[in-house]
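A short worksheet on the structure shown next.
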Amino acid sequence: MVQRLRQQPDMDERVLQSMAQVPRHRFVESALVNQAYADTSLPIGWGQTISKPSVVARMLSLLIHGRTSTLGRVLEVGTGCGYQAAVLAGLARHVASVERIQGLYALAKRQLSESGVRNANVVFGDGMRGYRPSAPYDGIVAAAGGEDIPQAWLDQLALGGRLVAPCTSPSGGQSLVVIEHTVTGFTRQQLEAVQFVPLKSGLVS
Ligand code: SAH
C-alpha cells in the first residue's frame, strides 16, 4: 500500500513511514480484512467510513508539509475507527481526537489501546467545538466536512499552526481547505475537490 502511495505526487515520506507502521486491517471489520490495503474507503458501521489511504496520506502530508520538527499537539475531528489517529500518533507528540458517535468512540479507543498507541486521547464530544483542554494545536485535521470552518477551530489553532479540512466550496461541492495561522492573521487556500462524510453537530449515544 505504502509503495503505491509513494508513486503519487506530494506525499510526505514521514507520513508514509508512519502509515507503514499502522496495520490498517486491524481497524476494519473482519469481513473486510482482505480489502484493508486497497486504496478504498470502507464501512466502519454507524453509516461512517474509514478514509481511503491516499486521502489520509494527502491530508497528513499537507499538515506537515515544510515542517522540519515533529508536530507538538494535533487535533483530529472525526476519529471514526481510529486509523488516521494512529498514523497521526506517529507524527505528533500528542493527538486529541474527537468523535461524536459513542459506538465509534468506544471502538477507536479500544483499537488504539490494543495497537499500543499511547499518545492519542480519544474524546467523545462534538468536534465542531474543537477540544479546548489540549489547545492550542500545531495542527488540526478534520475527517468530516461542513458548510464552513467552525470558529472554534481557528480559535484553537496555535500561531504558526495549520488546519486541513474538507469544506463546502462556493460552487457547492466539497474541497480541501488549508488554513495557516500567521502573525498577520489567517491565510486560506482552497485545493482539490474531495468527498468526505458530513460534519454534524451534537452527539449520538
Ligand atoms: N479518521 C477516520 C475517518 C472517520 S469518518 C478514520 O481514520 O477512519 C469521519 C468521522 O467524523 C465519522 O466517524 C463521524 O461520526 C465523525 N464526525 C462527524 N461530525 C463530527 C463532529 N462534529 N464531531 C466529531 N466527529 C464528527
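Keep in mind that this is a model prediction, so the values were computed, not measured. First listed ligand is number 1; within each ligand, the first listed atom is number 1. The first residue in the sequence is number 1, and the count goes up from there.
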Please round to the nearest 0.5 Å and tell me the distance separating atom CE of Met1 and atom CZ of Arg6. 11.0 Å
Test Met59 against every option in Leu176, Val15, Val87 by the side chain to side chain contact (heavy atoms under 4.5 Å, CB included) rule and name the one that passes. Leu176
According to a hydrophobic-cluster definition based on side-chain heavy atoms being under 4.5 Å apart (Ile, Leu, Val, Met, Phe, Trp, Tyr only), do Tyr83 and Val122 belong together? yes
Is there any protein N/O under 3.5 Å from an N/O of ligand 1, and what does the full list of such pairs look like?
residue, atom, partner, partner atom, Å
ligand 1, 1 (N), Glu76, OE2, 3.1
ligand 1, 1 (N), Gly78, O, 3.1
ligand 1, 7 (O), Gln84, N, 3.0
ligand 1, 13 (O), Glu99, OE1, 2.8
ligand 1, 13 (O), Glu99, OE2, 3.4
ligand 1, 15 (O), Glu99, OE2, 2.7
ligand 1, 19 (N), Lys200, N, 3.1
ligand 1, 22 (N), Asp126, OD1, 2.9
ligand 1, 22 (N), Lys200, O, 2.6
ligand 1, 23 (N), Gly127, N, 2.7
ligand 1, 25 (N), Arg100, N, 3.4

Gly127 backbone acceptor or donor facing Trp153 side chain under 3.5 Å: yes
Test salt bridge (charged side-chain N to carboxylate O under 4.0 Å, His left out) on Asp39 and Arg58 and set out the steps. CA-CA 12 Å; Asp39 193 24; Arg58 171 72 174 146; over 6 Å; no
Could you verify whether a donor N or O on one side chain and an acceptor N or O on the other, from Gln21 and Gln17, lie under 3.5 Å apart? no
